[in-house]
Amino acid sequence: MKFTAFAVRVLGRRALAPVLYLIVLYFFVSGRSARRNVRQYQHRLAHWSGRNELRPHLRSVFGQFMAFAESLLDRLDVWRGKLRLEQVQLVDPGGIRAQLLQSRHGGRGQILIGTHLGNLDVCRAMAELGEQVPLNVLVHNRHVEHFNRLLDEAGDRGLRLIQVSELDTAMMMDLSQRIERGEWLAIAGDRVPLHGGRHAMVNFLGHPAAFPQGPWLLAGLLRCPVNLMCCLKIEGRYRIYLEPFIDAPAWERGQRDAAIKAWMQRYADRLAQQCLQAPQQWFNFYPYWQTIEASDAH
């Protein structure tokens, strides 16, 4: 990532594109597991949707690798301030932008649930949409300090990553104070931490998959609205989709797990629908489901 950021800054995006193509080709040829996992995703999306044109083949699998490479270049453009607000289309039927503006002038913050479908970094434009509303991205990553340093070097100083290893008392107090100050929290709802964590199995594209409980537990404890956020590249232009999801997350005594499971299933259902808008922008290259059937691997 540091090499790519340096090369883009010195050579420019157009000169780097052929080099990036060769890098992606190398990972495509050598990444047998990643190819198999992408093929599995494409197979299940096609079967679940009934759209035979989405069935995997060599070109479609490689196309998903190339879509990820293009998203990396777009990510660097975002960090360097090259991708401006006017280049991004906002689809916001629920008026989330207006709520961002309100929190800038004394309102409470809210939670944005993102996804690894599409390009989360393009949602950096959210800071501009909200007139510099602080956006805190919660991640399960030990290398947060390195990423924050890389963001600074690339020119992006408005987005902060916060490592969340567990929701202990100190962390909850800090996040609660941020919400009360009008700051917004963003967290991915479709990826379980590699080192484990609270999760539950829900139906996704017709098969059981592990989704994290953390985002929904956080929402219930902070008692703040939850919105969904997704950024897809459609016809060469990014679209940020914002939609309200839960107005007042809460649960009855003894019903916490059931309430969280219901929210997770609703989220998985919505994510499946979004996959159909940009099928090759699913950037999870690891075995997403519990098992990989032999028929999926061929």
Side-chain angles (χ1 to χ4, degrees), residues 28 31-68 71 91 113-120 140 187-194 196-217 219 226-234 239 241-246 249 257-298:
F28 175 76
R32 180 180 179 183
S33 176
R35 292 199 313 271
R36 180 181 59 189
N37 297 330
V38 169
R39 181 177 291 271
Q40 181 198 42
Y41 155 74
Q42 293 184 0
H43 172 80
R44 291 189 167 172
L45 181 62
H47 185 266
W48 173 80
S49 65
R51 292 172 53 179
N52 289 330
E53 72 273 16
L54 298 180
R55 293 183 65 85
H57 47 78
L58 187 64
R59 179 176 295 180
S60 69
V61 174
F62 182 68
Q64 194 153 327
F65 278 72
M66 284 303 301
F68 180 63
S71 76
V91 181
I113 303 291
T115 170
H116 290 86
L117 173 72
N119 197 331
L120 274 174
H140 304 279
I187 186 171
D190 63 343
R191 183 171 292 180
V192 176
L194 293 178
R198 295 178 60 92
H199 65 275
M201 305 299 295
V202 297
N203 184 290
F204 179 59
L205 298 182
H207 295 266
F211 276 64
Q213 292 181 324
W216 317 104
L217 177 62
V226 177
N227 311 283
L228 301 187
M229 172 178 64
C230 183
C231 185
L232 305 176
K233 197 168 191 178
I234 308 295
R239 297 179 187 174
Y241 294 88
L242 297 174
E243 56 184 278
F245 192 67
I246 308 175
D257 290 345
I260 290 177
K261 182 73 174 289
W263 296 336
M264 293 169 63
Q265 186 60 65
R266 280 181 54 205
Y267 172 74
D269 293 341
R270 185 70 186 102
L271 179 59
Q273 292 292 334
Q274 290 174 324
C275 285
L276 292 176
Q277 297 184 63
Q280 290 193 332
Q281 294 178 40
W282 174 257
F283 299 140
N284 287 296
F285 292 89
Y286 63 97
Y288 201 79
W289 290 267
Q290 288 294 297
T291 59
I292 297 181
E293 300 171 2
S295 60
D296 289 344
H298 299 286

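G189 and P212 make their closest contact through O-CD, 3.5 Å (heavy atoms, listed as atom of the first residue, atom of the second, distance). Between A268 and F211, the shortest heavy-atom contact is CB-CZ, 4.1 Å. Heavy atoms only, all atoms of each residue included: Y267 and G114 are closest at OH-O, 2.9 Å. Among all heavy-atom pairs drawn from L117 and D190, the shortest one is N-OD2, 4.2 Å. When every heavy atom of C230 is checked against every heavy atom of T115, the shortest pair comes out as SG-CG2, 3.9 Å. A188 approaches P215 most closely through the heavy-atom pair O-CG, 3.5 Å.
Taking the centre of each ring, W216 and F245 come in below the 6.0 Å mark. The aromatic ring centres of W289 and F204 sit less than 6.0 Å apart.
Take A258 and apply the side chain to side chain contact (heavy atoms under 4.5 Å, CB included) test, not counting sequence neighbours, and it matches Q255. A search for side chain to side chain donor-acceptor pair (under 3.5 Å) contacts involving S71 returns nothing, not counting sequence neighbours. Judged as a ring pair (Phe, Tyr, Trp, His ring centres under 6.0 Å), and not counting sequence neighbours, the contacts of F283 are F68. With sequence neighbours left out, Y41 forms a ring pair (Phe, Tyr, Trp, His ring centres under 6.0 Å) with W282. In this structure, W263 has no ring pair (Phe, Tyr, Trp, His ring centres under 6.0 Å) partners at least two apart in sequence or on a different chain. Partners of Y241 by ring pair (Phe, Tyr, Trp, His ring centres under 6.0 Å), not counting sequence neighbours: none found. Checked against side chain to side chain donor-acceptor pair (under 3.5 Å), Q281 has no partners two or more places apart in sequence or in another chain. For Q280, there are no side chain to side chain donor-acceptor pair (under 3.5 Å) partners at least two apart in sequence or on another chain. Under the side chain to side chain donor-acceptor pair (under 3.5 Å) criterion, N203 pairs with no residue, sequence neighbours left out.
The shortest distance between side-chain heavy atoms of I113 and N227 does not fall below 4.5 Å. Counting heavy atoms from C-beta outward, L276 and L54 have side chains that approach closer than 4.5 Å. Contact check for R191 versus N284: side-chain heavy atoms found under the 4.5 Å cut-off. By the 4.5 Å heavy-atom criterion applied to side chains, R39 and R36 are not counted as neighbours. No side-chain heavy atom of W48 sits less than 4.5 Å from a side-chain heavy atom of H207.
With rounding to the nearest 0.5 Å, the separation of NE2 in H43 from CG in L205 is 11.0 Å.
With P56 as the fixed residue, the side chain to side chain contact (heavy atoms under 4.5 Å, CB included) test singles out one of Q42, Q40, Q64: Q42.
Residues in residues 273-284 take part in no salt bridge (charged side-chain N to carboxylate O under 4.0 Å, His left out) pair, two or more places apart or across chains. Listed by first and then second residue, the salt bridge (charged side-chain N to carboxylate O under 4.0 Å, His left out) pairs that reach into residues 262-289 are E243-R270, sequence neighbours excluded. Among pairs with a residue in residues 48-57, those fulfilling salt bridge (charged side-chain N to carboxylate O under 4.0 Å, His left out) read R51-E53, at least two apart in sequence or across chains.
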